[in-house]
Amino acid sequence: LVSWTVMLDAYARTGQIEAAKALFDSLPERDLVVWTAMVDAYGHEGRVKDAADLFWSTPYHDVVSWNSMLTAYVKNGFYDEARDVFQTMPQRDLVSWNALLVAYAQEGELAEAERVFSQMPDCNQVSWNAMLAAYAQAGRAELAEWVFEEMPCKDLVSWNALLSVYAADGRVEQARTVIEERMPHRSVVSWNAMIAAYGQNKQLREAKQVFGAMPERNHATWNAMLVAYADAGDAVGATRVFHTMPDKN
RNA sequence: GGUCUCCCGCUG
C-alpha cells in the first residue's frame with residue numbers, strides 16, 4: 001500500500017488525476033493514508049465536490065485527513081465550509097490553525113487573521129510566514145515589513161515573501177538589494193519574483209538578465225517572462241517565448 | 001507513503 005500511495009501521489013502531482021483515481025479504484029484494499037492522498041489530489045485539482053464526497057465516504061478520519069479536507073476548501077475559496085470543518089473536527093493541530101489563518105487572509109479578513117494568529121495555541125515558522133503573506137496580499141507593505149522584522153526566524157519562504165512585498169509596492173530596487181545582498185539563499189521562486197517585478201516595472205532588459213542567469217527554471221518562470229514581454233508590448237518576443245517554453249498548458 | 005506558508009498564469 002505504501003508504494004501504491006507513492007504512485008498515486010506522483011500521478012496527482014503531475015496532474016494525472018484520472019490516473020490517480022483509476023489506481024485508487026483498483027486497489028484491493030485501502031488505508032486512511034491512501035484515502036487522504038486521493039482527497040488531497042482532488043483538492044489541488046479544484047474538484048472540491050469530489051474531495052468532499054470521498055472524504056465523507058472514508059470509513060474513519062484522523063487529524064491529517066481532516067486537515068486535507070479543510071485545506072481543499074481553503075485553497076478553492078470555500079471559506080464558510082472551511083470554518084465549518086475547522087469547528088467540526090475533533091482535534092486540531094498547528095496545520096489546522098495555519099490553514100484557518102490562511103483562509104481569513106485570502107478572504108481579506110485581516111483582523112480575523114490577526115486574531116487567529118494571536119490566539120492559536122502554538123505558532124511556527126509557517127504561521128509567521130502566513131501572517132507576513134496576509135499583510136503582503138492585503139497590500140499592507142509596512143505591516144508586512146514589520147512582521148518580517150519581528151519574526152523570530154526567517155527562512156527562504158519569508159525572504160521570498162519579502163521580495164514580493166517590495167515588488168508589489170513598486171520598490172524594485174529594494175527587491176534587487178534584498179535578493180543580491182541580503183538573502184542567505186535563493187530559489188527559483190526568488191528569481192521568478194524578480195522577473196515578475198521587473199516585468200511589472202517594464203524593465204524587460206533586467207527581466208531577461210535574471211532569466212538568463214538563473215540556474216533553474218519552472219513553468220512560473222516561463223509564464224512570468226511571457227507576461228513581461230506581453231506587458232511591454234513586445235508581441236514578437238512574447239511569441240518567441242511561447243514557442244520556446246517547454247511546457248504549455 | 002497522506003495535510004499548512006513564498007513566485008507566474010488560468011479560473012476573473
Side-chain angles (χ1 to χ4, degrees), chain A residues 1-10 12-13 24 30-41 43-44 46 51 55 58 61-72 74-77 82 85-86 89 92-103 105-106 113 117 120 123-134 136-137 144 148 151 154-165 167-168 175 179 183 186-197 199-200 207 210-211 214 217-228 230-231 241-242 245 247-249:
Chain A
L1 252 182
V2 173
S3 344
W4 294 122
T5 309
V6 171
M7 201 178 287
L8 190 155
D9 205 43
R13 287 186 139 76
F24 179 84
R30 306 178 182 98
D31 66 4
L32 180 55
V33 172
V34 75
W35 279 92
T36 304
M38 194 62 227
V39 169
D40 187 58
H44 279 98
F55 176 79
T58 306
H61 298 115
D62 66 3
V63 69
V64 174
S65 65
W66 279 100
N67 285 337
S68 297
M69 193 60 240
L70 172 60
T71 62
V74 174
K75 273 191 159 54
N76 293 285
V85 167
F86 185 85
M89 51 199 296
R92 299 163 193 91
D93 64 8
L94 245 179
V95 171
S96 330
W97 284 96
N98 288 337
L100 183 68
L101 196 170
V102 169
Q106 288 181 5
F117 183 75
M120 52 201 297
C123 77
N124 61 6
Q125 187 67 45
V126 171
S127 322
W128 281 96
N129 289 339
M131 202 60 234
L132 170 55
Q137 286 154 18
F148 184 84
M151 52 202 304
K154 305 161 187 18
D155 65 5
L156 183 55
V157 171
S158 326
W159 283 101
N160 286 339
L162 184 69
L163 276 185
S164 24
V165 169
I179 195 174
M183 288 179 72
R186 296 147 204 85
S187 70
V188 62
V189 172
S190 327
W191 302 113
N192 290 349
M194 288 309 299
I195 291 177
Q200 283 161 21
V210 173
F211 182 88
M214 57 200 288
R217 301 180 183 107
N218 63 14
H219 75 278
T221 316
W222 288 93
N223 286 338
M225 276 310 294
L226 187 54
V227 170
D231 285 351
V241 171
F242 181 80
M245 54 200 296
D247 299 298
K248 303 174 179 59
N249 66 14

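Per chain, numbering begins at 1; letters A, B, ... match sequence-line order. The figures that follow rest on heavy atoms only: side chains count, while hydrogens, waters and symmetry mates do not.
Residues passing the ring-ring contact (aromatic ring centres under 6.0 Å, His included) test with W66(A) are F55(A), W56(A), H61(A), sequence neighbours excluded. W4(A) meets the ring-ring contact (aromatic ring centres under 6.0 Å, His included) test with no other residue; sequence neighbours excluded. Contacts of D155(A) classified as salt bridge (charged side-chain N to carboxylate O under 4.0 Å, His left out), with partners at least two apart in sequence or in another chain: none. Applying the side chain to side chain donor-acceptor pair (under 3.5 Å) rule to D40(A) yields the partners H44(A); only residues at least two apart in sequence or on another chain are considered. For N124(A), the side-chain contact (heavy atoms from CB on, under 4.5 Å) criterion is met by L94(A), N98(A), V126(A), S127(A), not counting sequence neighbours.
U3(B) and C7(B) have their C1' atoms separated by 22 Å, given to the nearest Å. Spacing between G2(B) and C6(B) at atom C1', rounded to whole Å, works out to 22 Å. If you take atom C1' in G12(B) and the same atom in C8(B), they sit 16 Å apart, rounded to whole Å.
Here D93(A) lies out of heavy-atom contact (under 4.0 Å) with every strand. Across all strands, A220(A) comes closer than 4.0 Å to base atoms (heavy-atom distances). Contacts of D155(A) with the nucleic acid, taken as non-hydrogen atoms under 4.0 Å apart, are absent. Residue contacts shown for T221(A) are absent, as no nucleic acid heavy atom lies under 4.0 Å away. At the heavy-atom level, K75(A) lies under 4.0 Å from the strands shown only through sugar-phosphate atoms.
Boundaries of the chain A contact region on RNA chain B are G1(B) to G9(B), first to last in 5' to 3' order (nucleotide atom under 4.0 Å from a heavy atom).
Taking both residues in full, the closest heavy atoms of S96(A) and F86(A) are given as O-CE1, 3.7 Å, listed atom of the first, atom of the second, then distance.
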